[in-house]
Amino acid sequence: MEFLEEFQNRLKEWGATFVGFSKVHDKLSPGLKPVGNAVTIGIRLSDFIIDQIDSFPTYAYFHHYRTVNALIDHITLRGLLFLQDNGYKAMAVAASQTVNDTEDKYCGIFPHKTAAVTAGLGWIGRNGLFISNEYGPRVRLGTILTDMELPAGENMVKDSCGSCRKCVEACPAMALTGNCWEAGCDRSRVVDAKACSDYMNSKFKHIGRGSVCGICIRVCPQGEKRGRGQGKE
Ligand code: SF4
Ligand code: SF4
């Protein structure tokens, strides 16, 4: 337990806002099963930058998205090296990477959201995004897979979108179906990833390659009402 506490403290020292643990063995491809436990890290995004998003993405958000991904990759790389130095197998899942030789062209080798939801850190909203219990969708996630035993059970949090449809109505690409996410459901039940990606590519390539609009993050009341500290006057 002392080692786990030290590991968790280090992840936070390196920049993680929050950390969670889950067992994801049954959700992994055969090659990843030897590292069937997941350490999730989350980074809280800048409210100021998110609040500037209106009906299109901003250069500031694009840069923020990229630099937070870089920080996540940095933290999870340091985490995996730390675990390896202590005798465990570990691998970091890229913060943002699409694997094009799979059936779904818009996903990575393992979805961070799956581990985060299993760890009880939040749920998946109608916007198809992870909604943190504390910060709503204004977070980005990273994952380290390891064979280290973790104190993790099935801790799923119930989806709390209720009757809200703000993200569905605000999405300029009409990429959100309005359906609620259910454990084990296909992503296409909630979001048309191709429609989202095509819209970004056709309208906002000038902002940067792989830009995301962020409207479905900005409008979500779960992000607006949560995690606001008392700012200095
Ligand atoms: S990022 Fe923009 S286009 Fe894509 S789902 Fe969200 S609101 Fe729609
Ligand atoms: S905007 Fe509303 S419906 Fe969309 S994810 Fe947030 S709470 Fe759920």
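All ligand and atom numbering here is 1-based and tracks the order in the structure. The chain is numbered in sequence order, starting from 1.
Those atoms of ligand 2 that come under 4.0 Å of a heavy atom in Asn127, given as number and element, are 5 (S).
The shortest contact between atom 3 (S) of ligand 2 and any protein heavy atom is with Cys164 O, 3.1 Å. Atom 8 (Fe) of ligand 2 has its closest protein heavy atom at Cys161 SG, 2.3 Å. Atom 4 (Fe) of ligand 2 has its closest protein heavy atom at Cys167 SG, 2.3 Å. Cys220 SG, 2.4 Å is the protein heavy atom nearest to atom 6 (Fe) of ligand 2.
Under the 3.5 Å distance criterion, the side-chain polar atoms of Lys113 are left unmatched by any main-chain donor or acceptor of Leu141. With hydrogens and angles ignored, the 3.5 Å screen pairs a side-chain donor or acceptor of His64 with a backbone N or O of Ser46. Using a distance-only test at 3.5 Å, with no hydrogens or angles considered, a donor-acceptor pair links the side chain of Ser132 to the main chain of Glu134. For the pair Arg126 (side chain) and Cys164 (backbone), a donor-acceptor distance under 3.5 Å is present. Although no hydrogens or angles enter the test, the distance criterion places a donor-acceptor pair under 3.5 Å between the side chain of Thr17 and the main chain of Arg44.
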Under 3.5 Å, which donor-acceptor pairs do the side chains of residues 75-95 form with other protein atoms, sequence neighbours left out?
residue	atom	partner	partner atom	Å
Thr76	OG1	Ile72	O	3.0
Thr76	OG1	Asp73	O	3.4
Asn86	ND2	Phe82	O	2.8

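At a heavy-atom distance under 4.0 Å, only side-chain atoms of Gln222, from C-beta outward, approach ligand 2.
Every salt bridge (charged side-chain N to carboxylate O under 4.0 Å, His left out) that Arg218 has, sequence neighbours left out, goes to Asp54.
Side-chain contact between Phe21 and Asn37 is absent, with no heavy-atom pair separated by less than 4.5 Å.
Through chains of ILVMFWY side-chain contacts below 4.5 Å, Val168 is grouped with Leu176, Val191.
Within a radius of less than 2.8 Å around atom 2 (Fe) of ligand 1, the protein N, O or S atoms are Cys213 SG.
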